[in-house]
Amino acid sequence: MENKKIAQYFTEIADLLDIMGENPFRIRSYRNGARTVEDLPENLAGLVREGGDLTRLPGIGESLAEKIREIVETGKLKFLDELKKKLPVGLPELLRIEGIGPKKAKLFYEKAGVDSIQSLEKAAKDGRLHNLFRMGDKTEDNILRAIKNYQKGAGRFRLDVGFTYAGSITEYLKPVKELKDLIPAGSLRRRRETIGDLDILAICKSSSILMNRFVKYEDAEDILAHGTTKSSLRLSNGLQVDVRVMGAQQFGSALLYFTGSKSHNIALRTRAQEMGLKVNEYGIFRGKKRIAGKTEEECYHSLGLPWIPPELRENRGEIEAAAKGKLPRLIELGEIRGDLHAHTRATDGKNSIEEMARAARKLGYAYIAITDHSKAVKVAGGLDEQALAKHLKKIEKVNEKLSGIRVLKGVEVDILGDGTMDLNDDILKECEVVIAAVHYHFNLPEKEMTKRIIRGISNRYVNILAHPTGRLILEREPYRVNLEEVIKVAVNEGVVLEINAHPARLDLNDIHSRMAKEMGAKLVINTDAHAISQLGLMRYGIFTARRGWLEKEDVINTNPVKKLMGLISR
DNA sequence: GCCGTTTTCGGCCCGACTGTTTTCAGTCG
């Protein structure tokens, strides 16, 4: 039983209780529980089997713990089944429609017989909604539009895509003379791997001028809200963009508010309450008196906390750590000394060894490992033993020719279906950096996949396990593997785990990176560059590492080459 | 339903915008 599934059960319960008009705090407990479960790096099923104390997880009390046990042990949940009997199965989905919450869903169900999105659409078209309580023609229009948008399924966008859109919109708004500052906040500022929408904070004297320009943005398909300080658009690709205008005096509290996450903010506000304070986007208040708000630092200090980096603001223990003075000193891009995963024209890369090396030197790196594919990766023209031997010679030559950069001889060798290596040990031992990776046979059962990878990294010449879960963000699910087991072996064998920096991979992800660190693993951040331009993707790997609470010491390619070689040797 | 360095009971974050109707409930982030 996957954690995700358990989280879904809790969300479903919350939705149903919501529509039934239950106690909102009880509903929130289920939503909080769902989030805790989904964020959890280790498998709950395992925890249940080991008899672990589930109530130690934040937001999980006796009741939810018991339900988790029931789901793990029986695959079902009686409580949820009972709830489902009371309402039509299609009803909770209505909550996914923009502008429809539990109250309207219930109203439509009771007064217009709506029990699914299809029947909602029909009711709106037939004009059966506008005679209901506080509903007019406009409501019906909005619902029909929102259904269309939902069916288009905009969903989430990759972080790099988010940066591109944020850039275009800030460029577009810049000509407004009164504009002082424009900062993309929200999940983009927290560097989440995907963003659901774009939140932009504007510091501007005349809010209406800015708002009026914003809603005329050419790619806007829909104006969702147009107020004096806050407006929202939906772009043609479905991405929602919110702009909030504030004054310079509120900059800190506004940025805090608009960066989120929502649950981080709720936790901060709860803490404030306990201190007799109130937090909103305009500042921090004791009674009517405003005691902070100009900078984020000031806001955190007023709550007895040091400034917390945006990447940590997920309510995953950062507030408690901050209160104890135990925040990590997060790794920074400038601390990276080299890249240990790069391809060349020898296989599917676009540049030569020398071009890659020069580009790495230009970035200020001390080293780069050239790690082309092995023969199993046919589409990339992977190298066999002989071809690799020749390739290694070429790498040596470039290394001799260039000064100021060490070019390391490497390979990205495939872990075959049975866990053996795609190349023999004789050639692997000639390499200074051996990266092992899975590129085929993703569909193995979890046990087999785990065994396969463990067998792969148990080869004494393997130094790094690349993109350990194989996922492609928004495209391909991770393969089924027990990462805890793999990490345990990696720690024992001295194999380094990769954070692949490509914005489509970010693999390990933030949560697993943190788990790996806590289990004592060493990590490396690599770009997997297939062209010199891609060496610059390193920053995405840094974002993920920071979200995983990693420090310089956790990441081996922050070291000079000599120490690095010592760290990867087995 | 969860939680507690005041609390095992009594709280539970906070404000903007919309559509509708004259004062606000619902939704959203």
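The figures that follow rest on heavy atoms only: side chains count, while hydrogens, waters and symmetry mates do not. None of the values given here were measured: they were computed from a predicted structure.
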Please report, rounded to the nearest Å, how far the [atom2] atom of [N] is from the [atom1] atom of [X].
X        : N      : atom1 : atom2 : answer
A/Glu274 : B/dC12 : CD    : P     : 11 Å
A/Asp141 : B/dT18 : CG    : P     : 16 Å
A/Arg271 : B/dC3  : CZ    : C1'   : 16 Å
A/Phe25  : B/dC14 : CZ    : P     : 11 Å
A/Arg244 : B/dA16 : CZ    : C1'   : 6 Å
A/Leu256 : B/dC13 : CG    : C1'   : 13 Å
A/Leu201 : B/dA16 : CG    : C1'   : 15 Å
A/Arg28  : B/dC3  : CZ    : P     : 12 Å

If the [atom1] atom of [N] is compared with that of [M], how far apart are they to the nearest Å?
N      : M      : atom1 : answer
B/dT7  : B/dC3  : C1'   : 10 Å
B/dT21 : B/dT5  : P     : 49 Å
B/dC28 : B/dT20 : P     : 16 Å
B/dC14 : B/dC9  : C1'   : 25 Å
B/dC13 : B/dT27 : C1'   : 16 Å
B/dG10 : B/dG19 : C1'   : 36 Å

Residue matched to B/dC14 through Watson-Crick or wobble contacts both under 3.5 angstrom
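B/dG29 - that is the nucleotide pairing with B/dC14, both distances being under 3.5 Å.
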
Please pick, from B/dA16, B/dG15, B/dG1, the nucleotide with the shortest atom-to-atom distance to any side-chain atom of A/Asn280.
B/dG15

Which of these nucleotides, B/dG1, B/dG15, B/dC13, is closest to any side-chain atom of A/Gln273?
B/dC13

Scan [X] against the nucleic acid and name what it touches under 4.0 Å (heavy atoms): base, sugar-phosphate only, or nothing.
X        : value
A/Asn142 : sugar-phosphate
A/Ile27  : nothing
A/Ser232 : nothing
A/Thr228 : sugar-phosphate

Apply the test side-chain hydrogen bond (donor to acceptor under 3.5 Å, both in side chains) to residues A/Arg145 and A/Asn142: give CA-CA distance (whole Å), side-chain angles for both, the deciding distance (0.1 Å), then the verdict.
CA-CA 5 Å; A/Arg145 247 204 334 246; A/Asn142 286 343; 3.1 Å; yes

Below 4.0 angstrom from OP1 or OP2 of B/dC17, is there any side-chain N or O of A/Thr229?
yes

Given A/Glu314, A/Glu318, A/Glu311, the one that forms salt bridge (Lys or Arg N to Asp or Glu O under 4.0 Å) with A/Arg190
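That would be A/Glu314; it is the only one of A/Glu314, A/Glu318, A/Glu311 passing the salt bridge (Lys or Arg N to Asp or Glu O under 4.0 Å) with A/Arg190.
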
Going through the checks in order, is the side-chain hydrogen bond (donor to acceptor under 3.5 Å, both in side chains) test met by A/Lys174 and A/Thr170?
CA-CA 6 Å; A/Lys174 257 184 198 160; A/Thr170 49; 5.6 Å; no

Given 3.5 Å as the limit, does a donor-acceptor pair link the side chain of A/Arg191 with the main chain of A/Arg547, or not?
no

Donor-acceptor contact present, side-chain A/Arg471 to main-chain A/Leu506, <3.5 Å:
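Judged by distance alone, yes, a pair lies under 3.5 Å.
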
For A/Tyr165 and A/Leu239, what are the C-alpha separation, side-chain angles and deciding distance, and is it a side chain to side chain contact (heavy atoms under 4.5 Å, CB included)?
CA-CA 9 Å; A/Tyr165 281 102; A/Leu239 181 66; 3.9 Å; yes

Looking at A/Tyr257, does the NZ or CZ of A/Arg269 lie under 6.0 angstrom from its six-membered ring centre and within 45 degrees of the ring axis?
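No - A/Arg269 does not lie over the ring of A/Tyr257 by the 6.0 Å and 45° rule.
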
Side-chain donor-acceptor distances from residues 210-218 of chain A under 3.5 Å, at least two apart:
from     : atom 1 : to       : atom 2 : distance (Å)
A/Asn212 : OD1    : A/His226 : NE2    : 3.2
A/Asn212 : ND2    : A/Ser208 : O      : 3.1
A/Arg213 : NE     : A/Tyr172 : O      : 2.8
A/Arg213 : NH2    : A/Tyr172 : O      : 2.9
A/Lys216 : NZ     : A/Asn212 : O      : 3.4

Let's go through A/Asp242 and A/Ser232 carefully: what are the C-alpha distance in whole Å and the side-chain angles of both, what is the deciding distance for side-chain hydrogen bond (donor to acceptor under 3.5 Å, both in side chains) to 0.1 Å, and is it a yes or a no?
CA-CA 4 Å; A/Asp242 302 340; A/Ser232 295; 2.7 Å; yes

A/Arg286 atom CZ, over 12 foreign heavy atoms within 6.0 Å:
no

Given DNA chain B, 5'-ward residue of the pair A/Ile60 and A/Asn265, judged by closest heavy atom:
A/Ile60

Produce a footprint string for nucleotides 20-29 of chain B: one letter per nucleotide, 5' end first; B if the base is under 4.0 Å from any protein heavy atom, S if only the sugar-phosphate is, - if neither.
B---B-SSSB

Determine, step by step, whether A/Arg189 and A/Thr259 satisfy the side-chain hydrogen bond (donor to acceptor under 3.5 Å, both in side chains) criterion, reporting the C-alpha distance in whole Å, the side-chain angles of both residues, the deciding distance to 0.1 Å, and the verdict.
CA-CA 6 Å; A/Arg189 184 163 179 249; A/Thr259 298; 2.8 Å; yes

Going by number, which of residues 219-227 of chain A have a non-hydrogen atom under 4.0 Å from DNA chain B?
A/Ala225, A/His226, A/Gly227

